[in-house]
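For reference, the structure is listed below as structure tokens.
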Amino acid sequence: MKILVTGGLGFIGTNFIRFWRKKYPQSTIINLDKITYAANPENLNDFSQGSKYQFIKEDIVNPDFTNRLPSLIDLIVHFAAESHVDRSINDPSLFVKTNVLGTYNLLNFAKNNGNIRFHHISTDEVFGSLPLNSSNQFSESTPYDPSSPYSASKAASDHLVRSFGKTFGLPTTITNCSNNYGPYQHPEKFIPRLITNLLENQKIPVYGQGLNFRDWLYVDDHCSAISAVINRGKIGDTYCIGGLYQSTKNIDLVKKIINLMGKDMSQIEYVADRPAHDNYSVDWSKIKNDLGWQPQETLDTGLKKTIEWYQTHQKWWQDSKKEAEKFYKNLAKQSKI
Ligand code: NAD
Ligand code: TYD
């Protein structure tokens, strides 16, 4: 099998390629990535270019990107995206280009090359926000109601994927997943920012009062869910994916990480809230009932593995952390203007 993975040098894409290689060593993997700030070109340095792995540096926004792709691809798994809500508030335009136009270009490529099986990676953020303190959850039938330019651009990409299925018979599936955490996540995102700040004895910025909640999923569990949908999912269907610790308040997560790292609660610093700050929680009973998938990792075991990875990979994150903190400083300055 020849599989095209987009965004394979980012957080989830890297983990997915490692997962897929382990599960299907005979597969040929083509990894196409623009290498934005979110990618690390060293993530898959142990994969050598050859008949089983090929890296192509390309931008999916440029429609000519397909010229360098090999023929006879069996499956596309589409991760490439601009993925950070805070950046989408700062500059939405790139989100529209990559997430909407880039997805459209890739769908066109799939359609014009023999209707290639297309799996689209999406987010629970397309459903909008749950009320604070509610025990409601998103499911496959929840209407779309995105809040940020990021989630709006992902919602648009989901609609395009479905339209290519209905209109052109492209064999598509979509997964809408909750927040992931684990190795290789950029230190701009919440959990790596927490861990790396604590490792550097810096304060931990908590937006608002820390009462917003997320549904955290260890990245390997996401990879196994994607694999289940690719192998056994119903063409045209959507599957929601979430974790075991639904509706975890940010402040409770912060306290858990501080305890696991043996640090002090005085390192918490409450800062200005994010505009349109959402809450997410996912009902994943469809994928459990239909495909037999469920998460394996507990929040404690997943966080321990993640903390250990950041402790032992300081070289991996040190430069990108400096860039991330510069980004946050600029963001804070702009919001004061
Ligand atoms: P990431 O930001 O870590 O990685 C994105 C990757 O896409 C990077 O390697 C980047 O270089 C590449 N990319 C960006 N623009 C590109 C372009 N124009 N052309 C080619 N490559 C480009 O993101 P992630 O956290 O790994 O997320 C991957 C996917 O999963 C995204 O589609 C995201 O919406 C979705 N998702 C993420 C989460 C999460 O918690 N991280 C949860 C649910 C869904
Ligand atoms: P983030 O990792 O940006 O993911 P998303 O917004 O896509 O879910 O943020 C996760 C949560 O953590 C979100 O509620 C915002 C909050 N947060 C902070 O409180 N402090 C921070 O420094 C960051 C980056 C996020």
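Any value given below was found using the heavy atoms of this structure, including those in side chains, with hydrogens, waters and symmetry copies removed. Atoms within each ligand, like the ligands themselves, are counted from 1 in listed order.
- Checked by distance only, ligand 2 and Y328 stay at 3.5 Å or farther apart across all their nitrogen or oxygen atoms.
- Geometrically, ligand 1 and F79 share a nitrogen or oxygen pair separated by less than 3.5 Å.
- In this structure, R274 pairs ionically with D86, as a charged nitrogen and a carboxylate oxygen lie closer than 4.0 Å.
- At the top of the distance list for atom 20 (N) of ligand 2, counting protein heavy atoms only, stands P205 O, 2.8 Å.
- Atom 37 (C) of ligand 1 has its closest protein heavy atom at I12 CD1, 3.5 Å.
- Below 30°, between 30° and 60°, or above 60°: for F127 and Y144 the angle between ring planes is above 60°, a perpendicular geometry.
- Under the 30°/60° scheme for interplanar angles, the aromatic rings of Y310 and W317 are found to be tilted.
- Among the atoms of N250, some N or O lies under 3.5 angstrom from an N or O of ligand 2.
- Below 3.5 Å of separation, one finds an N or O of N179 facing an N or O of ligand 2.
- In this structure the side chain of I174 never reaches within 4.5 angstrom of the side chain of Y239, judged on heavy atoms.
- Heavy-atom distances between E58 and ligand 1 reach below 4.0 Å in at least one pair.
- Note on F65: it does not cluster hydrophobically with I3, by side-chain heavy-atom contacts below 4.5 Å among ILVMFWY residues.
- Contact detail for E125 and T123: the closest heavy-atom pair is N-OG1, 2.9 Å.
- Atom 35 (C) of ligand 1 has its closest protein heavy atom at I121 CG2, 3.9 Å.
- Scanning the protein for heavy atoms near atom 9 (O) of ligand 1, the closest one is D33 OD2, 2.5 Å.
- Looking at Y150 against ligand 2, nothing comes within 4.0 Å, counting heavy atoms.
- Proximity of Y150 to ligand 1, defined as any heavy-atom pair under 4.0 Å, is confined to the side chain (atoms from C-beta onward).
- Under 4.0 Å from ligand 1, the heavy atoms of I35 that appear belong solely to its backbone.
- Checked by distance only, ligand 1 and C177 stay at 3.5 Å or farther apart across all their nitrogen or oxygen atoms.
- For atom 3 (O) of ligand 2, the candidate residues are R274, K189, H277; the nearest heavy-atom contact is made by R274.
- W316 and W309 have perpendicular rings, their planes meeting at more than 60° on a 0 to 90° scale where under 30° would count as parallel.
- Among the atoms of Y37, none of the N or O lies under 3.5 angstrom from an N or O of ligand 1.
- For Y280, no nitrogen or oxygen atom sits less than 3.5 Å from a nitrogen or oxygen atom of ligand 2, counting backbone and side chain alike.
- In D278, neither the side chain nor the backbone holds a heavy atom less than 4.0 Å from any atom of ligand 2.
- Not a single heavy atom of H186 sits less than 4.0 Å from an atom of ligand 1.
- Residue contacts with ligand 2, taken as heavy atom pairs separated by less than 4.0 Å, involve E188 solely via the backbone atoms N, CA, C and O.
- Among protein heavy atoms, atom 4 (O) of ligand 1 sits closest to G10 CA, 3.4 Å.
- Residue contacts with ligand 1 include S122, since one or more of its heavy atoms lies under 4.0 Å from the ligand.
- Among protein heavy atoms, the minimum distance from atom 9 (O) of ligand 2 is reached at F190 CB, 3.8 Å.
- Heavy atoms of F213 stay at 4.0 angstrom or farther from ligand 2.
- Below 30°, between 30° and 60°, or above 60°: for F19 and F16 the angle between ring planes is below 30°, a parallel geometry.
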